Amino acid sequence: MIEDELRAAFARLEESTPPVGPVRAAVDRAVITRRRRRRRVRLAGTALAVAAVALVGFTAMAPRPPAPTAAPLLATPEPEPGGALNLLLLGVDQSAGSRRADSVLLVHMPADRSRLYLVSLPRDLLVPAPGGTEKLNATFSRATGSGTDLAAGYRATRQAVARLTGVRVDAGAVLTYPGARDLTDAVGGVPVCLPEPVRSVHTERRFPAGCQRLDGAAAVDLLRQRYGLRDGGLDRDRNAARYAAGLLRQMRERGTATDPAQLNRLLIRIGPAVTVDAGDLSLPALVGATARAGAAEPVAVAFPVLAEWNGRGYEADPELTPGFLDALRADRLGEWAAAHPARVTALR
């Protein structure tokens, strides 16, 4: 009897209880929305890091490594930042505990996003410093102290480049040679076209003139070479620009920067070193702007310096530098490059 009464009571309560299906569905939707939002944030940082890497093979150095994920890339588009943008990308050697910025590239993204301009700044360019002048790469080394604080070195170099050029540096990245090796292998090698043969003074490796695909070890070997080149460090800067253009072309052709699956594999391969300093810019918007400008073949130009080594470093060319800086500040680098073809690096 008691059992029958209990069953009847439960039946009456069940009839008066609201259905749980809609509640469960609402909870599931909330969970999915939160997961997607977190993935979009992570992917934004990931994509910009890879975009920066794709520009010149540089691993960004801000402190938060993004987690790989298979969510749709940039699911929520954001308006692109207006006006020209400038990214500072540094290639850093490390030996005996010290680090120097061997490659310094200012990537100019014009307001019309027509293409990217890779501006090579010689590491031995003399820039203002406390008490006089110093080489640009010494700015990075002096700021790192023991050689471990890459962020401090980047900030000091960013300030020096901003003073030198008179343009705002909007974001930046740093790559060490081990990072360049891993990245090159991860994308299946990088095509590089050399106008003259190069022999490595470190490994005796020989790079023939013409186009060739480099694996990670060969790419790092080439990027380190300056002895034996006709223009020394200036030729190394040109080869760094050729590597940058080849890396960008390789990732564009493979669809790496826009394919979440490839992106995940790349990030897993090169590890948590890929992070980004995006400054005050929105990550998704900056990624979109970089992707649009990177769709065309980049133009590589060299900062105008006097070819003669003065014993301390390279001096800015007093005739060409003012016009070059005016063009950079006014977003007219395309016109300047067309008027000074000798300052444009052949990429193919």
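These values consider heavy atoms only, across backbone and side chains, with no hydrogens, waters or symmetry-generated copies. Remember, predicted model here, so these are calculated numbers, not experimental data.
Expressed to the nearest 0.5 Å, how far CG of D170 lies from CZ of R158 amounts to 10.5 Å. R181 CZ to L214 CG: the interatomic distance, rounded to the nearest 0.5 Å, is 14.5 Å. For the atom pair L222 CG and Y243 OH, the distance stands at 10.0 Å (nearest 0.5 Å).
The two residues R254 and G188 have their closest heavy-atom pair at NH1-CA, 4.1 Å. Taking both residues in full, the closest heavy atoms of A143 and G153 are given as CB-CA, 4.0 Å, listed atom of the first, atom of the second, then distance. For the residue pair R329 and G166, the shortest heavy atom distance occurs at NE-CA, 3.9 Å.
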Hey, can you pull the donor-acceptor pairs under 3.5 Å for the side chains in residues 117-133, sequence neighbours left out?
residue: R123; atom: NH1; partner: D102; partner atom: OD1; Å: 2.7
residue: T133; atom: OG1; partner: R312; partner atom: NH1; Å: 3.4

Compile the donor-acceptor pairs under 3.5 Å between side chains in residues 331-348 and protein atoms, sequence neighbours left out, one pair per line.
residue: D331; atom: OD1; partner: H108; partner atom: NE2; Å: 2.8
residue: D331; atom: OD2; partner: A111; partner atom: N; Å: 2.9
residue: H340; atom: ND1; partner: W336; partner atom: O; Å: 2.9

Practice task
Apply the test side-chain hydrogen bond (donor to acceptor under 3.5 Å, both in side chains) to residues N239 and R242: give CA-CA distance (whole Å), side-chain angles for both, the deciding distance (0.1 Å), then the verdict.
Solution key: CA-CA 5 Å; N239 288 337; R242 294 181 178 107; 2.8 Å; yes

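Checked by atom type and distance alone, the side chain of D317 never pairs as donor or acceptor with a backbone atom of P304 at under 3.5 Å. Remark: the backbone N or O of V187 is paired with a side-chain donor or acceptor of Q250 at under 3.5 angstrom.
Contact annotation: the side chain of T184 never approaches that of L247 to less than 4.5 Å [non-hydrogen atoms, C-beta and beyond]. Taking 4.5 Å as the limit, some side-chain heavy atom of F303 sits within range of a side-chain heavy atom of T321. The shortest side-chain heavy-atom distance between V169 and Y154 falls under the 4.5 Å cut-off.
For residues 179-237, the set of pairs meeting the disulfide bond (SG atoms under 2.5 Å apart) definition, not counting sequence neighbours, comprises C193-C211.
Residue V167 is not grouped with residue L320 when hydrophobic side chains (ILVMFWY) are merged at heavy-atom distances under 4.5 angstrom, including chains of intermediate members.
Shown here is E319, whose CD atom has no more than 12 heavy atoms of other residues, nucleotides or ligands within 6.0 Å.
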